[in-house]
Number of protein chains: 2
Amino acid sequence: MFQAFKNYISDHIQVSDDDFDFIESFAVFRKLRKKQYLLQQGDVCRYNCFIAKGLMRTYSVDDKGTEHIIRFAMENWWISDRESLATAQPTKFNIDAIEDSELILFEKNDFEQICEKIPAFSKMIADILNRGFIVNQNRIHEAISSTAEERYQNFVKRYPGFALRVPQAMIASYLGIKPETLSRLRNPKTKS
Amino acid sequence: MFQAFKNYISDHIQVSDDDFDFIESFAVFRKLRKKQYLLQQGDVCRYNCFIAKGLMRTYSVDDKGTEHIIRFAMENWWISDRESLATAQPTKFNIDAIEDSELILFEKNDFEQICEKIPAFSKMIADILNRGFIVNQNRIHEAISSTAEERYQNFVKRYPGFALRVPQAMIASYLGIKPETLSRLRNPKTKS
DNA sequence: CGTGACACTTGACATTTGTCAATTTTTTTC
DNA sequence: GAAAAAAATTGACAAATGTCAAGTGTCACG
(Lines give C-alpha, C1' and ligand atoms only; values in the text may rest on other atoms or scores of the structure.)
Protein backbone atom coordinates (compact mmCIF):
# COMPACT_ATOMS: atom_id res chain seq x y z
CA MET A 1 0.00 0.00 0.00
CA PHE A 2 2.89 2.30 0.80
CA GLN A 3 4.12 1.81 -2.75
CA ALA A 4 1.21 3.85 -4.14
CA PHE A 5 2.24 6.66 -1.82
CA LYS A 6 5.88 6.40 -2.85
CA ASN A 7 4.89 6.65 -6.49
CA TYR A 8 2.78 9.68 -5.75
CA ILE A 9 5.61 11.42 -3.92
CA SER A 10 8.15 10.56 -6.58
CA ASP A 11 5.87 12.07 -9.19
CA HIS A 12 5.98 15.36 -7.34
CA ILE A 13 9.36 15.75 -5.69
CA GLN A 14 12.78 14.18 -5.30
CA VAL A 15 13.09 12.20 -2.10
CA SER A 16 15.95 10.00 -0.92
CA ASP A 17 15.43 6.42 0.27
CA ASP A 18 16.30 7.54 3.78
CA ASP A 19 13.63 10.18 3.64
CA PHE A 20 11.11 7.62 2.44
CA ASP A 21 12.00 5.42 5.40
CA PHE A 22 11.61 8.42 7.65
CA ILE A 23 8.16 9.17 6.24
CA GLU A 24 7.10 5.54 6.36
CA SER A 25 8.04 5.32 10.02
CA PHE A 26 5.10 7.64 10.78
CA ALA A 27 2.61 6.13 8.36
CA VAL A 28 -0.51 4.52 9.77
CA PHE A 29 -2.29 2.18 7.38
CA ARG A 30 -6.02 1.79 7.40
CA LYS A 31 -8.50 -0.05 5.22
CA LEU A 32 -12.08 1.08 5.13
CA ARG A 33 -15.07 -0.79 3.79
CA LYS A 34 -17.71 1.08 1.83
CA LYS A 35 -19.80 3.23 4.18
CA GLN A 36 -17.31 3.09 7.04
CA TYR A 37 -16.38 6.35 8.72
CA LEU A 38 -12.96 7.89 8.78
CA LEU A 39 -14.24 10.82 10.82
CA GLN A 40 -17.58 11.59 12.44
CA GLN A 41 -19.34 14.80 13.31
CA GLY A 42 -18.17 15.72 16.81
CA ASP A 43 -14.78 14.00 16.57
CA VAL A 44 -11.58 15.97 16.58
CA CYS A 45 -9.67 15.40 13.35
CA ARG A 46 -6.13 14.24 14.15
CA TYR A 47 -4.83 13.00 10.82
CA ASN A 48 -3.78 14.06 7.41
CA CYS A 49 -4.87 11.19 5.17
CA PHE A 50 -3.56 10.07 1.84
CA ILE A 51 -5.90 7.94 -0.25
CA ALA A 52 -3.93 5.08 -1.78
CA LYS A 53 -7.04 3.45 -3.20
CA GLY A 54 -10.76 4.10 -3.20
CA LEU A 55 -13.17 7.00 -3.00
CA MET A 56 -14.16 9.16 -0.04
CA ARG A 57 -16.49 12.04 0.71
CA THR A 58 -16.80 14.81 3.29
CA TYR A 59 -20.31 15.88 4.25
CA SER A 60 -22.53 17.28 6.96
CA VAL A 61 -25.97 16.16 8.08
CA ASP A 62 -28.50 18.85 8.95
CA ASP A 63 -31.38 18.75 11.45
CA LYS A 64 -33.70 17.33 8.81
CA GLY A 65 -31.28 14.47 8.19
CA THR A 66 -30.24 15.76 4.78
CA GLU A 67 -26.63 15.20 3.77
CA HIS A 68 -24.56 17.99 2.23
CA ILE A 69 -21.43 16.81 0.48
CA ILE A 70 -18.68 19.40 0.34
CA ARG A 71 -15.98 17.25 -1.19
CA PHE A 72 -15.12 14.02 -2.96
CA ALA A 73 -11.62 12.58 -2.98
CA MET A 74 -10.07 9.58 -4.65
CA GLU A 75 -6.72 7.82 -5.18
CA ASN A 76 -3.77 10.18 -4.82
CA TRP A 77 -5.79 12.85 -3.10
CA TRP A 78 -5.43 14.00 0.49
CA ILE A 79 -8.35 14.26 2.83
CA SER A 80 -8.91 15.65 6.32
CA ASP A 81 -10.86 18.40 7.99
CA ARG A 82 -8.44 21.30 8.02
CA GLU A 83 -10.56 23.31 10.39
CA SER A 84 -10.78 20.66 13.07
CA LEU A 85 -7.15 19.74 12.51
CA ALA A 86 -5.98 23.34 12.92
CA THR A 87 -8.14 24.24 15.90
CA ALA A 88 -8.45 20.85 17.63
CA GLN A 89 -12.18 21.57 17.86
CA PRO A 90 -14.84 18.93 17.10
CA THR A 91 -15.61 18.74 13.41
CA LYS A 92 -18.99 19.47 11.91
CA PHE A 93 -18.34 17.02 9.08
CA ASN A 94 -18.34 13.30 8.45
CA ILE A 95 -15.84 11.60 6.23
CA ASP A 96 -16.68 8.14 4.98
CA ALA A 97 -15.82 5.70 2.20
CA ILE A 98 -17.96 5.59 -0.94
CA GLU A 99 -15.95 2.57 -2.11
CA ASP A 100 -13.69 0.18 -0.20
CA SER A 101 -10.58 2.27 0.36
CA GLU A 102 -7.01 2.14 1.55
CA LEU A 103 -5.63 5.08 3.45
CA ILE A 104 -2.33 6.20 4.85
CA LEU A 105 -2.71 8.42 7.88
CA PHE A 106 -0.21 10.82 9.41
CA GLU A 107 -0.83 12.23 12.82
CA LYS A 108 -0.73 15.99 12.97
CA ASN A 109 2.54 16.24 14.88
CA ASP A 110 4.24 13.56 12.81
CA PHE A 111 3.14 15.31 9.66
CA GLU A 112 4.65 18.55 10.85
CA GLN A 113 7.87 16.75 11.67
CA ILE A 114 8.06 15.37 8.15
CA CYS A 115 7.49 18.86 6.78
CA GLU A 116 10.31 20.23 8.90
CA LYS A 117 12.74 17.52 8.04
CA ILE A 118 11.99 17.47 4.30
CA PRO A 119 11.52 20.96 2.85
CA ALA A 120 10.54 19.62 -0.57
CA PHE A 121 7.70 17.72 1.08
CA SER A 122 6.63 20.84 2.90
CA LYS A 123 6.65 22.81 -0.31
CA MET A 124 4.57 20.15 -2.05
CA ILE A 125 1.99 20.29 0.72
CA ALA A 126 1.89 24.08 0.64
CA ASP A 127 1.32 23.87 -3.08
CA ILE A 128 -1.57 21.49 -2.63
CA LEU A 129 -3.12 23.88 -0.16
CA ASN A 130 -2.72 26.77 -2.56
CA ARG A 131 -4.32 24.78 -5.34
CA GLY A 132 -7.11 23.73 -2.99
CA PHE A 133 -7.80 27.35 -2.18
CA ILE A 134 -8.09 28.16 -5.86
CA VAL A 135 -10.40 25.22 -6.50
CA ASN A 136 -12.66 26.33 -3.66
CA GLN A 137 -12.66 29.88 -4.90
CA ASN A 138 -13.69 28.78 -8.36
CA ARG A 139 -16.40 26.61 -6.89
CA ILE A 140 -17.74 29.58 -4.96
CA HIS A 141 -17.67 31.64 -8.11
CA GLU A 142 -19.63 28.97 -9.90
CA ALA A 143 -22.12 28.62 -7.07
CA ILE A 144 -23.03 32.31 -7.18
CA SER A 145 -22.88 32.81 -10.94
CA SER A 146 -24.07 29.64 -12.68
CA THR A 147 -27.32 27.75 -13.01
CA ALA A 148 -27.71 24.25 -11.60
CA GLU A 149 -27.40 22.82 -15.08
CA GLU A 150 -24.15 24.65 -15.84
CA ARG A 151 -22.72 23.53 -12.53
CA TYR A 152 -23.57 19.95 -13.36
CA GLN A 153 -22.03 20.18 -16.83
CA ASN A 154 -18.86 21.68 -15.41
CA PHE A 155 -18.66 19.03 -12.74
CA VAL A 156 -18.88 16.24 -15.30
CA LYS A 157 -16.29 17.91 -17.49
CA ARG A 158 -13.89 18.67 -14.65
CA TYR A 159 -14.27 15.42 -12.75
CA PRO A 160 -15.30 12.72 -15.21
CA GLY A 161 -13.90 10.16 -12.77
CA PHE A 162 -16.27 11.17 -10.00
CA ALA A 163 -19.20 11.47 -12.37
CA LEU A 164 -18.81 7.79 -13.23
CA ARG A 165 -18.13 6.39 -9.77
CA VAL A 166 -20.45 8.45 -7.58
CA PRO A 167 -24.22 7.89 -7.32
CA GLN A 168 -26.24 10.68 -8.85
CA ALA A 169 -27.89 11.61 -5.59
CA MET A 170 -24.47 12.39 -4.13
CA ILE A 171 -23.57 14.55 -7.08
CA ALA A 172 -26.81 16.44 -6.56
CA SER A 173 -25.88 16.94 -2.92
CA TYR A 174 -22.45 18.22 -3.94
CA LEU A 175 -24.05 20.68 -6.36
CA GLY A 176 -26.55 21.87 -3.76
CA ILE A 177 -29.68 20.62 -5.53
CA LYS A 178 -32.17 17.80 -4.96
CA PRO A 179 -31.73 14.42 -6.67
CA GLU A 180 -35.06 14.91 -8.48
CA THR A 181 -33.87 18.21 -9.89
CA LEU A 182 -30.63 16.69 -11.16
CA SER A 183 -32.54 13.85 -12.74
CA ARG A 184 -34.71 16.37 -14.58
CA LEU A 185 -31.73 18.34 -15.80
CA ARG A 186 -30.29 15.16 -17.25
CA ASN A 187 -33.54 13.97 -18.85
CA PRO A 188 -35.21 17.04 -20.22
CA LYS A 189 -38.74 16.70 -21.51
CA THR A 190 -38.87 16.91 -25.28
CA LYS A 191 -40.86 20.05 -25.81
CA SER A 192 -44.49 19.84 -26.96
CA MET B 1 1.03 54.14 5.48
CA PHE B 2 3.72 51.58 6.21
CA GLN B 3 3.01 52.02 9.90
CA ALA B 4 -0.36 50.29 9.56
CA PHE B 5 1.45 47.37 8.01
CA LYS B 6 4.07 47.31 10.75
CA ASN B 7 1.35 47.24 13.38
CA TYR B 8 -0.34 44.40 11.60
CA ILE B 9 2.85 42.37 11.42
CA SER B 10 3.76 43.06 15.02
CA ASP B 11 0.34 41.81 16.07
CA HIS B 12 1.09 38.49 14.45
CA ILE B 13 4.80 37.75 14.74
CA GLN B 14 8.05 39.00 16.19
CA VAL B 15 10.13 40.87 13.64
CA SER B 16 13.38 42.77 14.12
CA ASP B 17 13.86 46.35 12.92
CA ASP B 18 16.28 45.08 10.32
CA ASP B 19 13.68 42.69 9.01
CA PHE B 20 11.14 45.50 8.83
CA ASP B 21 13.60 47.53 6.80
CA PHE B 22 14.15 44.54 4.58
CA ILE B 23 10.42 44.13 4.03
CA GLU B 24 9.87 47.83 3.48
CA SER B 25 12.57 47.90 0.81
CA PHE B 26 10.22 45.83 -1.40
CA ALA B 27 7.00 47.61 -0.53
CA VAL B 28 5.18 49.46 -3.30
CA PHE B 29 2.66 52.02 -2.09
CA ARG B 30 -0.50 52.75 -4.01
CA LYS B 31 -3.57 54.84 -3.33
CA LEU B 32 -6.79 54.05 -5.10
CA ARG B 33 -9.87 56.21 -5.42
CA LYS B 34 -13.29 54.64 -5.12
CA LYS B 35 -14.08 52.61 -8.25
CA GLN B 36 -10.47 52.47 -9.45
CA TYR B 37 -9.11 49.09 -10.50
CA LEU B 38 -6.28 47.26 -8.86
CA LEU B 39 -6.59 44.40 -11.34
CA GLN B 40 -8.70 43.89 -14.44
CA GLN B 41 -10.05 40.82 -16.16
CA GLY B 42 -7.34 39.71 -18.61
CA ASP B 43 -4.42 41.13 -16.65
CA VAL B 44 -1.84 38.90 -15.07
CA CYS B 45 -1.80 39.37 -11.31
CA ARG B 46 1.72 40.18 -10.18
CA TYR B 47 1.28 41.38 -6.61
CA ASN B 48 0.34 40.32 -3.15
CA CYS B 49 -1.48 43.33 -1.73
CA PHE B 50 -1.95 44.41 1.83
CA ILE B 51 -4.83 46.79 2.49
CA ALA B 52 -3.67 49.50 4.88
CA LYS B 53 -6.92 51.43 4.56
CA GLY B 54 -10.17 51.11 2.66
CA LEU B 55 -12.39 48.44 1.19
CA MET B 56 -11.92 46.31 -1.92
CA ARG B 57 -13.78 43.63 -3.81
CA THR B 58 -12.97 40.83 -6.25
CA TYR B 59 -15.58 40.05 -8.90
CA SER B 60 -16.22 38.78 -12.39
CA VAL B 61 -18.49 40.17 -15.07
CA ASP B 62 -20.46 37.70 -17.17
CA ASP B 63 -21.62 37.99 -20.79
CA LYS B 64 -24.84 39.69 -19.66
CA GLY B 65 -22.84 42.32 -17.84
CA THR B 66 -23.81 41.04 -14.40
CA GLU B 67 -21.16 41.30 -11.69
CA HIS B 68 -20.44 38.38 -9.37
CA ILE B 69 -18.54 39.33 -6.24
CA ILE B 70 -16.48 36.51 -4.79
CA ARG B 71 -14.75 38.44 -2.05
CA PHE B 72 -14.64 41.62 -0.01
CA ALA B 73 -11.54 42.75 1.82
CA MET B 74 -10.78 45.64 4.13
CA GLU B 75 -8.04 47.09 6.32
CA ASN B 76 -5.53 44.47 7.46
CA TRP B 77 -6.63 41.95 4.88
CA TRP B 78 -4.61 40.69 1.95
CA ILE B 79 -5.91 40.65 -1.56
CA SER B 80 -4.74 39.22 -4.88
CA ASP B 81 -5.80 36.62 -7.38
CA ARG B 82 -3.97 33.52 -6.24
CA GLU B 83 -4.76 31.63 -9.41
CA SER B 84 -3.35 34.23 -11.77
CA LEU B 85 -0.44 34.85 -9.41
CA ALA B 86 0.45 31.16 -9.26
CA THR B 87 0.02 30.38 -12.95
CA ALA B 88 0.94 33.74 -14.50
CA GLN B 89 -2.19 33.35 -16.63
CA PRO B 90 -4.63 36.22 -17.25
CA THR B 91 -7.16 36.57 -14.45
CA LYS B 92 -10.89 36.18 -14.89
CA PHE B 93 -11.54 38.63 -12.08
CA ASN B 94 -11.54 42.34 -11.45
CA ILE B 95 -10.38 43.88 -8.21
CA ASP B 96 -11.42 47.44 -7.48
CA ALA B 97 -11.89 49.85 -4.61
CA ILE B 98 -15.31 50.23 -2.99
CA GLU B 99 -13.91 53.08 -0.89
CA ASP B 100 -10.80 55.21 -1.32
CA SER B 101 -8.03 52.85 -0.28
CA GLU B 102 -4.35 52.62 0.51
CA LEU B 103 -2.46 49.54 -0.48
CA ILE B 104 0.98 48.08 -0.02
CA LEU B 105 2.00 45.83 -2.90
CA PHE B 106 4.69 43.18 -3.00
CA GLU B 107 5.78 41.74 -6.28
CA LYS B 108 5.61 37.99 -6.45
CA ASN B 109 9.37 37.42 -6.44
CA ASP B 110 10.00 39.97 -3.74
CA PHE B 111 7.32 38.40 -1.63
CA GLU B 112 8.92 35.00 -1.96
CA GLN B 113 12.26 36.49 -0.99
CA ILE B 114 10.75 37.94 2.16
CA CYS B 115 9.27 34.55 2.97
CA GLU B 116 12.63 32.87 2.54
CA LYS B 117 14.53 35.38 4.60
CA ILE B 118 11.98 35.58 7.42
CA PRO B 119 10.54 32.18 8.35
CA ALA B 120 8.08 33.68 10.83
CA PHE B 121 6.64 35.78 8.01
CA SER B 122 6.40 32.74 5.82
CA LYS B 123 4.59 30.85 8.55
CA MET B 124 2.17 33.72 9.07
CA ILE B 125 1.35 33.75 5.36
CA ALA B 126 0.89 29.99 5.29
CA ASP B 127 -1.46 30.34 8.21
CA ILE B 128 -3.51 32.96 6.42
CA LEU B 129 -3.79 30.66 3.43
CA ASN B 130 -4.92 27.80 5.64
CA ARG B 131 -7.52 30.00 7.26
CA GLY B 132 -8.63 31.23 3.86
CA PHE B 133 -9.13 27.67 2.72
CA ILE B 134 -11.32 26.98 5.73
CA VAL B 135 -13.36 30.13 5.18
CA ASN B 136 -13.95 29.16 1.57
CA GLN B 137 -14.90 25.66 2.54
CA ASN B 138 -17.44 26.93 5.02
CA ARG B 139 -18.82 29.30 2.44
CA ILE B 140 -19.26 26.41 0.00
CA HIS B 141 -20.97 24.45 2.72
CA GLU B 142 -23.33 27.31 3.32
CA ALA B 143 -23.99 27.80 -0.38
CA ILE B 144 -25.15 24.23 -0.83
CA SER B 145 -26.98 23.79 2.47
CA SER B 146 -28.62 27.10 3.42
CA THR B 147 -31.41 29.29 2.09
CA ALA B 148 -30.72 32.76 0.77
CA GLU B 149 -32.10 34.24 3.96
CA GLU B 150 -29.87 32.14 6.21
CA ARG B 151 -26.85 33.07 4.13
CA TYR B 152 -27.69 36.73 4.49
CA GLN B 153 -28.15 36.45 8.24
CA ASN B 154 -24.85 34.63 8.60
CA PHE B 155 -23.10 37.21 6.47
CA VAL B 156 -24.33 40.05 8.64
CA LYS B 157 -23.38 38.21 11.79
CA ARG B 158 -19.95 37.17 10.55
CA TYR B 159 -19.02 40.40 8.81
CA PRO B 160 -20.91 43.24 10.47
CA GLY B 161 -18.25 45.61 9.13
CA PHE B 162 -18.96 44.75 5.52
CA ALA B 163 -22.71 44.78 6.06
CA LEU B 164 -22.49 48.42 7.08
CA ARG B 165 -20.02 49.66 4.49
CA VAL B 166 -21.06 47.77 1.38
CA PRO B 167 -24.12 48.67 -0.75
CA GLN B 168 -26.86 46.10 -0.53
CA ALA B 169 -26.72 45.23 -4.20
CA MET B 170 -23.10 44.12 -3.73
CA ILE B 171 -24.02 41.96 -0.78
CA ALA B 172 -26.70 40.34 -2.92
CA SER B 173 -24.09 39.66 -5.59
CA TYR B 174 -21.79 38.11 -2.99
CA LEU B 175 -24.61 35.87 -1.79
CA GLY B 176 -25.52 34.83 -5.30
CA ILE B 177 -28.98 36.41 -5.36
CA LYS B 178 -30.59 39.41 -7.07
CA PRO B 179 -30.79 42.77 -5.30
CA GLU B 180 -34.59 42.63 -5.46
CA THR B 181 -34.60 39.28 -3.69
CA LEU B 182 -32.34 40.56 -0.92
CA SER B 183 -34.53 43.60 -0.48
CA ARG B 184 -37.54 41.32 -0.06
CA LEU B 185 -35.78 39.11 2.48
CA ARG B 186 -35.01 42.19 4.52
CA ASN B 187 -38.49 43.68 4.27
CA PRO B 188 -40.88 40.80 4.54
CA LYS B 189 -44.55 41.49 3.91
CA THR B 190 -46.54 41.49 7.11
CA LYS B 191 -48.83 38.55 6.62
CA SER B 192 -52.52 39.10 5.79
C1' DC C 1 -31.17 74.76 -2.43
C1' DG C 2 -32.29 71.65 -6.53
C1' DT C 3 -31.14 68.28 -9.55
C1' DG C 4 -29.12 64.25 -11.12
C1' DA C 5 -27.06 59.93 -9.99
C1' DC C 6 -27.50 56.10 -7.37
C1' DA C 7 -29.56 52.88 -4.04
C1' DC C 8 -33.37 50.69 -2.56
C1' DT C 9 -38.19 49.13 -2.72
C1' DT C 10 -42.45 47.30 -4.64
C1' DG C 11 -45.74 45.00 -7.90
C1' DA C 12 -47.06 41.60 -11.33
C1' DC C 13 -45.73 37.78 -13.44
C1' DA C 14 -42.25 34.01 -15.28
C1' DT C 15 -39.00 30.50 -14.30
C1' DT C 16 -36.53 27.46 -11.49
C1' DT C 17 -36.22 24.44 -7.86
C1' DG C 18 -38.27 21.85 -4.00
C1' DT C 19 -41.67 18.50 -2.01
C1' DC C 20 -44.04 14.33 -1.68
C1' DA C 21 -45.68 10.21 -3.42
C1' DA C 22 -45.70 6.63 -6.75
C1' DT C 23 -43.29 3.89 -10.12
C1' DT C 24 -39.56 2.00 -12.81
C1' DT C 25 -34.82 0.63 -13.28
C1' DT C 26 -30.55 -1.04 -11.61
C1' DT C 27 -27.69 -3.27 -8.31
C1' DT C 28 -26.77 -6.29 -4.57
C1' DT C 29 -27.22 -10.35 -2.09
C1' DC C 30 -28.29 -14.92 -1.11
C1' DG D 1 -31.30 -16.10 -11.23
C1' DA D 2 -34.98 -14.46 -7.86
C1' DA D 3 -35.91 -11.48 -4.10
C1' DA D 4 -34.70 -7.50 -1.77
C1' DA D 5 -32.53 -3.13 -1.56
C1' DA D 6 -30.95 0.94 -3.52
C1' DA D 7 -31.00 4.35 -7.15
C1' DA D 8 -33.20 6.93 -10.49
C1' DT D 9 -37.27 8.71 -12.79
C1' DT D 10 -41.76 10.92 -13.20
C1' DG D 11 -46.05 13.62 -12.08
C1' DA D 12 -48.63 17.16 -9.72
C1' DC D 13 -48.25 20.85 -7.09
C1' DA D 14 -45.89 24.39 -3.76
C1' DA D 15 -42.34 27.56 -2.65
C1' DA D 16 -38.39 30.32 -3.74
C1' DT D 17 -36.11 33.22 -6.71
C1' DG D 18 -35.68 35.84 -11.08
C1' DT D 19 -37.29 39.43 -14.44
C1' DC D 20 -38.86 43.71 -15.85
C1' DA D 21 -40.75 47.98 -15.05
C1' DA D 22 -42.09 51.62 -12.16
C1' DG D 23 -41.69 53.90 -8.25
C1' DT D 24 -39.54 56.28 -3.86
C1' DG D 25 -35.75 57.71 -1.19
C1' DT D 26 -31.06 59.59 -0.35
C1' DC D 27 -27.21 62.22 -0.90
C1' DA D 28 -23.29 64.59 -3.07
C1' DC D 29 -22.21 68.43 -5.81
C1' DG D 30 -22.63 72.45 -8.62
Side-chain angles (χ1 to χ4, degrees), chain A residues 33-36 54-55 57 59 61-69 72 96-101 140 142-156 162-192, chain B residues 33-36 55 57 59 61-69 72 96-100 140 142-156 162-192:
Chain A
R33 287 286 179 69
K34 188 172 168 167
K35 297 199 175 167
Q36 279 191 312
L55 185 52
R57 64 173 176 155
Y59 63 102
V61 180
D62 67 22
D63 6 284
K64 281 172 199 117
T66 309
E67 296 177 350
H68 303 284
I69 299 177
F72 297 115
D96 69 14
I98 298 176
E99 301 173 357
D100 294 352
S101 300
I140 288 169
E142 215 172 76
I144 64 173
S145 67
S146 305
T147 64
E149 178 160 19
E150 288 166 336
R151 278 180 281 141
Y152 174 66
Q153 301 292 0
N154 290 341
F155 176 82
V156 172
F162 290 141
L164 291 171
R165 291 163 74 179
V166 173
Q168 229 170 261
M170 287 191 189
I171 297 177
S173 170
Y174 179 92
L175 297 173
I177 59 180
K178 299 290 137 181
E180 295 95 330
T181 301
L182 178 53
S183 172
R184 289 185 171 108
L185 294 180
R186 285 165 41 89
N187 307 300
K189 274 281 179 31
T190 51
K191 286 195 180 171
S192 69
Chain B
R33 286 285 179 71
K34 189 172 167 167
K35 296 198 176 167
Q36 279 190 313
L55 185 51
R57 63 172 177 156
Y59 63 102
V61 181
D62 67 23
D63 6 285
K64 280 173 200 119
T66 310
E67 296 178 350
H68 303 284
I69 299 177
F72 298 115
D96 69 12
I98 297 176
E99 300 174 358
D100 294 352
I140 288 170
E142 215 172 76
I144 64 172
S145 67
S146 305
T147 64
E149 178 159 19
E150 288 167 335
R151 277 180 280 141
Y152 174 67
Q153 302 292 1
N154 290 340
F155 176 81
V156 172
F162 290 140
L164 291 172
R165 290 163 74 179
V166 173
Q168 231 170 257
M170 288 191 189
I171 297 178
S173 170
Y174 179 93
L175 297 173
I177 59 179
K178 299 290 137 182
E180 295 94 330
T181 301
L182 179 53
S183 173
R184 287 184 171 109
L185 294 180
R186 287 166 41 89
N187 306 302
K189 275 281 177 32
T190 50
K191 288 195 180 172
S192 74

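Chain A is the first sequence line, chain B the second, and so forth, proteins listed ahead of strands; every chain is numbered from 1. Values reported hereafter were calculated over all heavy atoms of this structure, with side chains retained and with hydrogens, waters and symmetry mates removed.
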Q: Does some side-chain heavy atom of B:I177 sit less than 4.5 Å from a side-chain heavy atom of B:R184?
A: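 Result no, sub-4.5 Å side-chain heavy-atom pair not found.
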
Q: Decide yes or no for A:L185 and A:R151: does some side-chain heavy atom of the first lie under 4.5 Å from some side-chain heavy atom of the second?
A: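 No; the side chains remain at least 4.5 Å from each other.
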
Q: Reading DNA chain C from 5' to 3', where do the contacts with chain B start and stop? Cut-off is 4.0 Å to heavy atoms.
A: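 So the contact region on DNA chain C extends C:dC8 to C:dA12.
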
Q: What distance do A:N154 atom CG and A:L175 atom CG have between them, rounded to the nearest 0.5 Å?
A: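 A:N154 CG to A:L175 CG: 9.5 Å, rounded to 0.5 Å.
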
Q: Do B:I98 and B:F72 touch side chain to side chain, with heavy atoms closer than 4.5 Å?
A: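 In short, these two side chains touch, coming nearer than 4.5 Å.
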
Q: Can you label the angle between the B:F162 ring and the B:F155 ring as parallel, tilted or perpendicular, going by 30° and 60°?
A: parallel

Q: Do you know which of A:K35, A:K34, A:R165 makes salt bridge (Lys or Arg N to Asp or Glu O under 4.0 Å) with A:E99?
A: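 With A:E99 as partner, salt bridge (Lys or Arg N to Asp or Glu O under 4.0 Å) holds for just one option, A:R165.
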
Q: With nearest nucleotides of DNA chain C determined for A:K34 and B:M170 from heavy-atom distances, which residue corresponds to the more 5′ nucleotide?
A: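 It is B:M170 whose nearest nucleotide is closer to the 5' end.
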
Q: Strictly under 4.0 angstrom, non-hydrogen atoms only: write out the protein contact profile of nucleotides 9-27 of chain D, one letter per nucleotide from the 5' end, B, S or -.
A: SBBB----SSBB-------

Q: Restricting to side chain to side chain donor-acceptor pair (under 3.5 Å), what partner residues turn up for A:E67, sequence neighbours left out?
A: A:R57

Q: Is it the case that the side chain of B:D100 and the backbone of B:R33 share a donor-acceptor pair, with hydrogens and angles ignored and the cut-off at 3.5 Å?
A: no

